[in-house]
Amino acid sequence: MSKKDKYRGKDFIRQMIHHDIDQGVNDGRLATRFPPEPNGYLHIGHALSIYINFGIAEEFDAPCYLRFDDTNPAKESDEYVNSIMEDVKWLGFDWGNNLAHASDYFESIHEFAIELIEKDLAFVDSQTSEEIRNTRGTLNSPGIESPYRNRSVSENLGLFNRMKNGEFENGEHVLRAKIDMSSPNINLRDPVIYRILNLEHQRTGKTWCIYPMYDFAHTLSDAIEGTTHSLCTLEFEDHRPLYEWFLDNLNLSTRPRQIEFSRLNVEHTITSKRKLGELVDSGDVSGWDDPRMPTISGLRKRGYPASALREFCKRVGITKKDKSIEMSLLESTVREELDATCNRVMAIMNPLKVTIKNYPDGESETLEASNHPKKKEMGIREMSFGKNILIEKDDFMESPEEDFYRLSPGAEVRLRYAYIIKCEEIIKDEDGEIIELICSYDPDTKSGVGKSKKKVKSAIHWVSADHSITGKVRLFETLYSDPSPDSDSPLNPNSKIEIDEAQFEQSLSNAKIGSRFQFERSGYFILDEIEDEKLSFNRIVTLKDTWAKIQKKKK
RNA sequence: UGGGGUGUAGCCAAGCGGUAAGGCAACGGGUUUUGAUCCCGUGAUGCGUAGGUUCGAAUCCUACCACCCCAGCCA
């Protein structure tokens, strides 16, 4: 295979990795890492990063570290690390023995800081944070060197040691790399690499009162654990020169390469940890795992299969272009997976009573319905049929529109897997609201036998009023109606609609929590909880609905 | 206005000097006891714009335009 063919069709990151391996960089070894800060729950944007870092490593049979970037004890907690581990696992990835924390390396990182000081490449700055900010310069003008920049190596060593020993208050001193205050890249203007934080760390306890900053800790963590390719999002592109400066000036055995890709944005969603946290704190959602949240745990609660999320990431692709993915792409991968794997079942959200006048009183019969129209091996289940049936309100129209081919006065329709019925009479209450339909059925049209081949315009779903079970259903839409919401966008008032008395066919009484079904002609649902024997389902995604589309177009 | 990036269809995305893959969406049509699924068909004389190099340019060069990111002791 020629080189050109080998790289063709691969995203630019895989091409670079292949190239590096071919060149024998880092002994032709590959190691990646997924480095979340445990200060919030993972969201769908992280799913792409996980998919890229773990997925690529998997292809090369290489390690991918799950490394917690826990360098800021003020913001981090165990709740988050636990949720992150659960989410990565659920997505189908395995870090094996490669679980790490930046805090595991605090000792080494500290030594590297000393190495920098000894090389006169770092100094202790005693300006206030405000002074440092004011002398950093602007995008258009250079910064001003700190008056402490020329302290001697031994003075720096001494001060840094005293910082470490807890002799100072927060903010009294800071360790800065000595690079270039006039660099057009602001990250190179003597960046702070260590700060005093008199704070207990969730893992190292009271061992440290100085903590490394992201750029320093991240670069060194990568190098220390042997990461060869540090794949991250575009906003770190400006940091790469600093990343490389550390690698150039410190004695390290691995030289990792940072490669940046564009982050994933999905329409109608927000993925700022801050905003997500606000939604949780304000009570606008039930928690980080609210089924409307774009968090991994929310998507899981919603019922999205992990395999569909992986497929979604695959279809999204890896590039450096800003992207805003339409929900329809996500939904199509979810439907594709669910269509292939879910048992079909019937449920009525808004029941309309149907009485079959020519069906004998007090009798019932058992009918067979297949669990999947295309997969016989998925079996069948039994449904009771009798005189009293419930259908969906939407499946009847007193004055049918031209394209409506469900039930209407005098019209015939098939009750799926049962009989063809005809609407004979409408019963209304005093407000003119339709409360019942009197229908007749044709006993010769039983599904699968006799005149069962008789054509009618449509088949609708139903349940037996005398056998169905009552339960809850929660219908979800996106949290925001705006395709590109910001933190001020109003929430979609229809993002959650609860139906307390949906009617399910009796076979559902055996359903287990976490199992997914297609409610025929309606959508895919997951059994979320059972309370006092009452089932409650979350709608994962609707079925495609051509009829709704036709109606929408008419308006 | 400094620096770093990115521009191929409504949304993604292949393409790597030889004449614009694929997916999602949309729109037609067929099958169907789910208006689902499935199947078939339709979309760029054009690749941000303008020039240039070349027999030949989305691919190379020049200029311009648009959008994104950066001034935490956050990551």
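Letters go in sequence order (proteins before strands), and every chain restarts at 1.
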List the atom of [X], the atom of [Y], and the distance in Å for their closest heavy-atom pair.
| X | Y | value |
| --- | --- | --- |
| R189(A) | S141(A) | NH2-O, 3.0 Å |
| D482(A) | H268(A) | O-ND1, 3.3 Å |
| G303(A) | I526(A) | CA-CD1, 3.8 Å |
| Y105(A) | S221(A) | CD1-OG, 3.4 Å |

Quantified in whole Å, what is the [atom1] atom distance between nucleotide [N] and nucleotide [M]?
| N | M | atom1 | result |
| --- | --- | --- | --- |
| A20(B) | G48(B) | P | 16 Å |
| G28(B) | A14(B) | P | 31 Å |
| G17(B) | C27(B) | C1' | 36 Å |

What is the distance, to the nearest angstrom, from the [atom1] atom on [X] to the [atom2] atom on [N]?
| X | N | atom1 | atom2 | result |
| --- | --- | --- | --- | --- |
| K553(A) | A25(B) | NZ | P | 15 Å |
| N170(A) | G72(B) | CG | P | 19 Å |
| L407(A) | U33(B) | CG | P | 18 Å |
| L48(A) | C12(B) | CG | P | 14 Å |
| I132(A) | C73(B) | CD1 | P | 7 Å |
| N134(A) | C73(B) | CG | P | 11 Å |
| E267(A) | C12(B) | CD | P | 8 Å |
| H372(A) | U33(B) | NE2 | C1' | 15 Å |

Report task. Can you spot which of I421(A), L415(A), L352(A) makes a side chain to side chain contact (heavy atoms under 4.5 Å, CB included) with L407(A)? Result ->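 So, applying the side chain to side chain contact (heavy atoms under 4.5 Å, CB included) to L407(A) and each of I421(A), L415(A), L352(A), only I421(A) qualifies.
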
For nucleotides 39-41 of chain B, list the nitrogen or oxygen atoms of the protein found under 3.5 Å from its nitrogen or oxygen atoms, one pair per line.
none

Does [X] reach a base, just sugar-phosphate, or nothing at all? Heavy atoms under 4.0 Å.
| X | value |
| --- | --- |
| L330(A) | nothing |
| Y194(A) | nothing |
| D403(A) | base |
| F216(A) | nothing |
| L197(A) | nothing |
| E311(A) | nothing |
| P241(A) | nothing |
| K549(A) | sugar-phosphate |

What about [X], does its side chain sit under 3.5 Å from the base of [N] through a donor-acceptor pair?
| X | N | result |
| --- | --- | --- |
| K374(A) | U37(B) | yes |
| D238(A) | G3(B) | yes |
| R521(A) | U34(B) | no |
| E326(A) | G10(B) | yes |
| R335(A) | U37(B) | no |
| Q15(A) | C16(B) | yes |
| R240(A) | G4(B) | no |

Sort out the partner of [N] for me: Watson-Crick or G-U wobble, both distances under 3.5 Å, none otherwise.
| N | result |
| --- | --- |
| A14(B) | none |
| U42(B) | A26(B) |
| G2(B) | C70(B) |

Just N and O in the side chain of [X]: are any of them under 4.0 Å from OP1 or OP2 of [N]?
| X | N | value |
| --- | --- | --- |
| S183(A) | G3(B) | no |
| K321(A) | U8(B) | yes |
| K320(A) | C68(B) | no |
| K323(A) | A13(B) | yes |
| K544(A) | A25(B) | yes |
| R189(A) | G3(B) | no |
| K446(A) | U33(B) | no |
| R344(A) | U33(B) | no |
| R315(A) | A14(B) | no |

Looking only at side-chain atoms of [X], point me to the closest of [options].
| X | options | value |
| --- | --- | --- |
| E237(A) | U37(B), G5(B), G35(B) | G5(B) |
| T319(A) | G35(B), G2(B), A13(B) | A13(B) |
| P184(A) | A25(B), G2(B), C27(B) | G2(B) |
| L329(A) | A75(B), G23(B), A71(B) | G23(B) |
| R195(A) | C74(B), U33(B), G35(B) | C74(B) |
| I325(A) | C12(B), G72(B), U1(B) | C12(B) |
| Y405(A) | G35(B), A75(B), U34(B) | G35(B) |
| W547(A) | G35(B), G2(B), C73(B) | G35(B) |

Query raised in the report: Pick the nucleotide of RNA chain B nearest each of Y417(A) and D339(A); which residue has the one closer to the 5' end?
Result: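 Counting from the 5' end, the first nearest nucleotide belongs to Y417(A).
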
Query raised in the report: Taking the six-membered ring for Trp, are H239(A) and F236(A) parallel (under 30°), tilted (30 to 60°) or perpendicular (over 60°)?
Result: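 If you compare the ring of H239(A) with that of F236(A), the planes turn out perpendicular.
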
With rounding to the nearest 0.5 angstrom, report the [atom1] to [atom2] distance, [X] to [Y].
| X | Y | atom1 | atom2 | result |
| --- | --- | --- | --- | --- |
| R162(A) | E167(A) | CZ | CD | 4.5 Å |
| W208(A) | N198(A) | CH2 | CG | 14.0 Å |
| W462(A) | R414(A) | CH2 | CZ | 11.5 Å |

Centroid-to-centroid, [X] to [Y], below 6.0 Å?
| X | Y | value |
| --- | --- | --- |
| Y211(A) | F106(A) | yes |
| F112(A) | F246(A) | no |
| H110(A) | F160(A) | yes |

Query raised in the report: Where does G15(B) land, syn or anti, once you apply the within-90°-of-0 test for syn?
Result: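 Base orientation relative to the sugar is anti.
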
